[in-house]
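First comes the structure, then the notes that go with it.
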Amino acid sequence: MTFHPGLILILSGFLALVAPKTIRKIVMVGGPFCALLAAMSLRLGTDFSFEFINGMQLGWLHVDKLSWLFTFIFCVLAFIASVYGCHNTNRMEALCALAYAGGGIGVCLAKDWMTLIFFWEALAISSVFLVWCNKTKEARKAAFRYILVHMFGGNLLLAGIFLKVNAGEYLVGNIVAGPHDLAYWLILIGFFVNVAMPPVNAWLVDAYSNSTITGGVFMSCLTTKVAVYVLVSVFGGMELLMWGGALMALYGACYAIMENDMRKLLAHHIISQTGFMVAGAGIGTAMGMNGATAHAFCDILFKSLLFMCAGSIMYATGIKHINKLAGMKDKMPITCICFFAAAFSISGIPLFNGFVSKMITVNAAAAAGHDLLFTLLEIASIGTFLSIPLKMGYFIFLRKDVDKHVEIVNPLPKNMEIGMILGAIGCVLYGVYPDLLYRHFAFDMTPYVPFTASHIFSTVEMLGMALIPFMMYLNNMEPHTAISLDTDWFYRKPFAGIVQWVSGVLCAVCGALGGAWWVLYQKFMELMSNPMDFLDARPFREAKRYHPRNYRTSIADPMMIILTVLTSVILYLINAL
């Protein structure tokens, strides 16, 4: 029997919404586990659809190698993150987290454009509540900005899809060959918004750092990775993606080096690591697109683990800034071990999963003759090692707590530690046995061997280039809290000014209309108190109110009117005869 893993997760979310507290924990863990079993049982070539309107077939379950790989890792993420967060009592957060993961899987398994946009919007709507569920003033504002950006991107994508469907192109497929019409560019920009391509990237850091602790784990791995999937499927081989990916990799790494907030730093690295995937999709070779897929797979494991570790520290201490933490290796040893497993993975250190995935894209750039792209991606890797294992690892865990006096306010629930351990096992397992991932590559290529002398030497060389300056300037490396202006300044400030100006104009018009209405009301009431003031030829009378005696005229007036009318009628008849 074949079941849709995404629909299982969505159904589990609704069950978690109404279930009692004890049963809800079982549903939150059991639902993703059932979805994972359903994903593992999917067979390549499975294709289920139903007739919609005008003979259109909606393919809601289409399985190929690429969609299966993303579906599998999304289910793994949903299971690990649900174990990590099953202690939560917020019913809405449980619903939206599972529905969010289900929407991402729905996009991956969609065969046609209409099904894709349905799950795409479900993904955006459910994710915004993971920010709102934090119930802080900052979270409310961030979620509002988040939904505005995704409404913009989603509407562009919807418009492009309508144009495609109107032209009779119902099925999702690679459209790089053309035609490069309006639909092509609308779809591309819609995807760029979700992948956080600069300059529309600030929403990611803004929202992810203000989400709930568990919500941040889900959000760190779904929206951008779903966008990577569609870019590989629809725009694989587009040269623009190479340079856009390089920009993302460098941009995110540079901002992360300056950041002091743990989750903001990790959010910047979502942009950076996604840049490697986008660049791989742009290279367009089998090696490049397999590298993008592999790194997305591994990034989901180590990035969710990094967010789990940061969330655990925030939960236990109530502190989110790096410069206020110290000595956490003694206070939270399990978190420390799991953090370094994830940090070594994202840095591409041998025997961790980032090493077996990231270098595929980097070497694909060299193999395709893109030496500049190769150099830029290597530089971005140096920034990653500098900001996560070195800066976060040292200042949070390794330095002695001399003057910070960090205290554990809330002991971690066991399920949070279990979730981190599961994530760390995944990072090490795929790093030691990369064939567990390589055997599922969607594009045929020459077998890639990660553990070669040249690969290991280049990695050690790259890490040394980051370690030496860090140790030399260690006393000046501690981050400090400051506002880092991002690209959103260029549209948020003008937009805020436009909104204020328009609001002022509308308020002025509203006030003027209200004043005019009040004057009309007053004059109307005065008129109704004595209508004869308007009708009478002699308005200056002493009485303010109407009274019949005041307006009785002499007999001469009606007699004069009668004689005038009679004379006019007689003259008219004489003339007619």
Side-chain angles (χ1 to χ4, degrees), residues 51-58 112-114 117-118 121 124-125 144-145 147-170 179-187 189-190 491-577:
E51 187 171 338
F52 185 47
I53 55 175
N54 297 329
M56 182 189 303
Q57 296 291 323
L58 297 186
D112 63 278
W113 290 112
M114 297 301 291
I117 191 61
F118 173 80
E121 293 302 323
I125 293 171
F144 181 70
R145 293 189 291 266
I147 196 63
L148 286 178
V149 172
H150 283 277
M151 286 173 61
F152 170 73
N155 283 319
L156 291 178
L157 177 60
L158 180 62
I161 287 175
F162 278 168
L163 293 175
K164 283 288 183 185
V165 172
N166 187 59
E169 300 178 33
Y170 301 108
H180 295 172
D181 53 7
L182 180 60
Y184 177 92
W185 294 107
L186 288 174
I187 292 173
I189 297 173
Y491 53 85
R492 281 175 61 180
K493 285 296 183 181
F495 184 71
I498 292 172
V499 169
Q500 291 178 358
W501 181 80
V502 172
S503 299
V505 171
L506 293 178
C507 289
V509 171
C510 181
L513 291 175
W517 176 254
W518 177 249
V519 171
L520 290 175
Y521 170 78
Q522 292 289 342
K523 294 301 180 181
F524 181 77
M525 294 303 295
E526 292 177 6
L527 177 63
M528 289 299 100
S529 67
N530 190 2
M532 294 302 295
D533 277 345
F534 178 75
L535 300 175
D536 190 19
R538 292 170 292 175
F540 302 104
R541 296 179 180 270
E542 295 181 359
K544 298 295 184 181
R545 297 281 177 175
Y546 173 78
H547 192 277
R549 293 179 180 177
N550 193 46
Y551 285 90
R552 285 177 180 171
T553 60
S554 64
I555 192 63
D557 292 336
M559 289 299 296
M560 190 64 192
I561 295 172
I562 293 172
L563 290 174
T564 302
V565 173
L566 180 61
T567 303
S568 299
V569 171
I570 293 172
L571 292 175
Y572 174 78
L573 292 176
I574 293 172
N575 182 62
L577 295 174

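Sequence positions, counted from 1, serve as the residue numbers for this chain. Please read these numbers as outputs of a predicted model, since none were measured by experiment.
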(message) Can you tell me how far apart CD1 (I161) and CD1 (I117) are? Round to the nearest 0.5 Å.
(response) 4.0 Å
(message) Can you tell me which residue among I570, L571, V569 is in a side chain to side chain contact (heavy atoms under 4.5 Å, CB included) with L573?
(response) V569
(request) Go through the structure and list residues passing side chain to side chain contact (heavy atoms under 4.5 Å, CB included) with A183, not counting sequence neighbours. (result) L163, K164, D181
(request) Write out all pairs satisfying side-chain hydrogen bond (donor to acceptor under 3.5 Å, both in side chains) with one or both partners inside residues 558-577, taking only residues at least two apart or from two chains. (result) none
(request) Quick one: pull up CD1 in I187 and CG in L158 and give me the separation to the nearest 0.5 Å. (result) 10.0 Å
(request) Report the residues that fulfil side chain to side chain contact (heavy atoms under 4.5 Å, CB included) with I125, sequence neighbours left out, ordered by chain and then residue number. (result) F129
(message) Give me the atom names and distance for the closest heavy-atom approach of L186 to A159.
(response) CD1-CB, 3.9 Å
(request) Just grab all the ring-ring contact (aromatic ring centres under 6.0 Å, His included) pairs involving residues 501-520, residues at least two apart or on different chains. (result) W518-Y521
(request) Return yes when atom OH of Y184 has more than 12 non-hydrogen atoms of other residues, nucleotides or ligands closer than 6.0 Å, and no otherwise. (result) yes
(message) Using a 3.5 Å distance criterion without hydrogens, assess whether the side chain of N155 forms a donor-acceptor pair with backbone atoms of M151.
(response) yes
(message) Tell me every residue that passes side chain to side chain contact (heavy atoms under 4.5 Å, CB included) with M56, counting only those two or more places apart in sequence or in another chain.
(response) F52, L58, M114, V165, Y170
(message) Minimum heavy-atom separation for H150 and A124, please, with both atom names.
(response) CB-CB, 4.3 Å
(request) Would you please name every residue forming a side chain to side chain contact (heavy atoms under 4.5 Å, CB included) with L513, sequence neighbours left out? (result) V509
